[in-house]
2 protein chains.
Amino acid sequence: MTLSEPSCFFSALPPRQAKTLETSLHLFTTRGFFKTSVHDISNLAEVSVGFIYHHFKDKEGIAQALYNILLQRMNELIDDIEAQYSTCKERCYAIIQALFKLTEQEPEAMQFIIHARHKEFLPNEKSICSASAFVRMRALVFQGIENKEIRPMDPLVAAMIVYGGAIRMICLRLDGVIETSLETLADDLWLNTWSGLDP
Amino acid sequence: MTLSEPSCFFSALPPRQAKTLETSLHLFTTRGFFKTSVHDISNLAEVSVGFIYHHFKDKEGIAQALYNILLQRMNELIDDIEAQYSTCKERCYAIIQALFKLTEQEPEAMQFIIHARHKEFLPNEKSICSASAFVRMRALVFQGIENKEIRPMDPLVAAMIVYGGAIRMICLRLDGVIETSLETLADDLWLNTWSGLDP
DNA sequence: GTCTATAGAGAGATAGAC
DNA sequence: GTCTATCTCTCTATAGAC
């Protein structure tokens, strides 16, 4: 899976639906969901309002579709990493590197996944932290404790230490506080994070 | 400063303005800013719409007032900690404990501070990560590196490691993913976080 | 399937009495 | 200072032509 082109997330869909979702992702992350009207999307994506309502249930339906597609991609990304690596340490680091890469290449997608406060506009969706991809990320750490790759501690605490710094860096990068590419900081982060967990 | 009573944040204000802000904080964090109407606030706070518009410029003005007051409190909290402790390690741990305590006692205030995506409804306000309290928190870590309390590394990376796990735990606690009090997990977190930073 | 025009509802903000 | 009534506008969603 390459992540370098915006269209890659939506390439399985017909082109105008893909355009609608790309445009919605852009507007939702820059202006916010509630400050984006369906007409804004219609104008910028060059599709009619009728087209949008024919293919998506309503405005929330657009957000729901984005949410499903992006989390699906995250799950595929974890599938790949689990297939390629076997130790907890390798897998967790690979996930962090993949998230950093995604942040640099597709900041809007990352913003939507991490930051969008889905609860406000997807009331039926659980918190993003409960989404399968994030549960699987934590599960990798739990296994690491069982395997004794990680020193004994509360599993949830271990998971927060493993991913907390990385997720925080992603947030600050998306907010413009960090001005350098995350990929150059990944080694420094991981070296010092892991030394707190090594048995 | 005690944080155990909701009114403590707003106790300097006349009672009905305090009630307005308390109610707004409650509705903004539970329903969201854009799904809360001024009439909702008026009804629940038992004040008139006219009262609200007389004391606050507009709906965003309410959010701005909340933002200012809560960040002010965070700054006072850091003042207290800087006065009471002198080492980087002690100060950072005290901040994490204070944030955990605040999360347990005033979850709505914490939710607003950390999670509210102010950019959507306070477009003139910088990202919360740039707010003075958060900048000061990072500065404490930077000093720790200069003092050689923390092993040499990128200062921003060090700050993310110090606070990343804690902030992540706060988010998961607020979202209901963590079901136990954060205060019982603080020691475990800090012990294993710091051992990645100790020279 | 796709479009335009429009209905209908709700919200922010204000005017003006007290 | 405080209240109620209302104005005005924007947005979601749909109806109906093609």
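The shown structure was predicted, so the numbers you read here are calculated from the model rather than taken from an experiment. No hydrogens, no waters, no symmetry mates; every other heavy atom, side chains included, goes into these values. Protein chains get the first letters and strands the later ones, always in sequence-line order, with residue 1 at the start of each.
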Nearest to side-chain heavy atoms of [X], which nucleotide of [options]:
| X | options | value |
| --- | --- | --- |
| A:His54 | D:dA13, C:dG1, C:dA13 | C:dG1 |
| B:His39 | D:dT6, C:dT4, D:dA13 | D:dT6 |
| A:Asp58 | C:dC3, D:dA13, D:dT6 | D:dA13 |
| A:Ser37 | D:dC3, D:dC11, C:dT2 | D:dC11 |
| B:His55 | D:dT2, D:dT6, C:dT14 | D:dT2 |

### Message
On the six-membered ring of A:Phe33, is A:Lys59 placed so that its NZ or CZ lies under 6.0 angstrom from the centre and within 45° of the ring axis?
### Response
yes

### Message
Given the ring of B:Tyr163, does A:Arg168 sit roughly above its face, with NZ or CZ under 6.0 Å from the centre of the six-membered ring and within 45° of the axis?
### Response
no

### Query
Would B:Arg73 and B:Glu76 pass as an ion pair if we require N to O under 4.0 Å?
yes

### Query
So does B:Lys89 pair up with B:Glu149, basic N to acidic O under 4.0 Å?
no

Measure [atom1]/[X] against [atom2]/[N] and give the value in whole Å, please.
| X | N | atom1 | atom2 | value |
| --- | --- | --- | --- | --- |
| A:Ile52 | C:dC3 | CD1 | P | 10 Å |
| A:Phe51 | D:dA17 | CZ | C1' | 19 Å |
| B:Leu27 | C:dA11 | CG | P | 13 Å |
| B:Phe33 | C:dA11 | CZ | P | 13 Å |
| A:Lys57 | D:dT12 | NZ | C1' | 12 Å |
| B:Phe56 | C:dA13 | CZ | P | 14 Å |
| A:Ile41 | D:dT10 | CD1 | P | 18 Å |
| A:Lys35 | D:dT12 | NZ | P | 14 Å |

### Task
Nearest-nucleotide wise, let me know which of B:Tyr53 and A:Glu46 is further upstream toward the 5' end of DNA chain C.
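Going by which nucleotide is closer to the 5' end, it is A:Glu46.
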
### Message
side chain to side chain contact (heavy atoms under 4.5 Å, CB included) for A:Ser181 and A:Phe100? Distances and angles first, verdict last.
### Response
CA-CA 9 Å; A:Ser181 161; A:Phe100 280 8; over 6 Å; no

### Query
Does any donor atom in the side chain of A:Gln64 or A:Asn68 lie under 3.5 Å from an acceptor atom in the other side chain?
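Looking only at side-chain atoms, A:Asn68 and A:Gln64 do form a donor-acceptor pair, the distance falling under 3.5 Å.
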
### Message
For a quick check of understanding: with a heavy-atom distance under 4.0 Å over all strands, which category does A:Thr36 fall into, base, sugar-phosphate or nothing?
### Response
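Sugar-phosphate: the residue A:Thr36, judged by heavy atoms under 4.0 Å, touches backbone atoms but no base.
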
### Task
Note down the inter-axis angle between the two ends of the helix from C:dG1-D:dC18 to C:dC18-D:dG1, five pairs each, to the nearest 10°.
0°

### Message
Run the side-chain hydrogen bond (donor to acceptor under 3.5 Å, both in side chains) test on B:Asp188 and B:Asn192 for me, step by step, so that the C-alpha distance in whole Å, both residues' side-chain angles and the decisive distance to 0.1 Å come before the verdict.
### Response
CA-CA 6 Å; B:Asp188 212 359; B:Asn192 294 296; 3.2 Å; yes

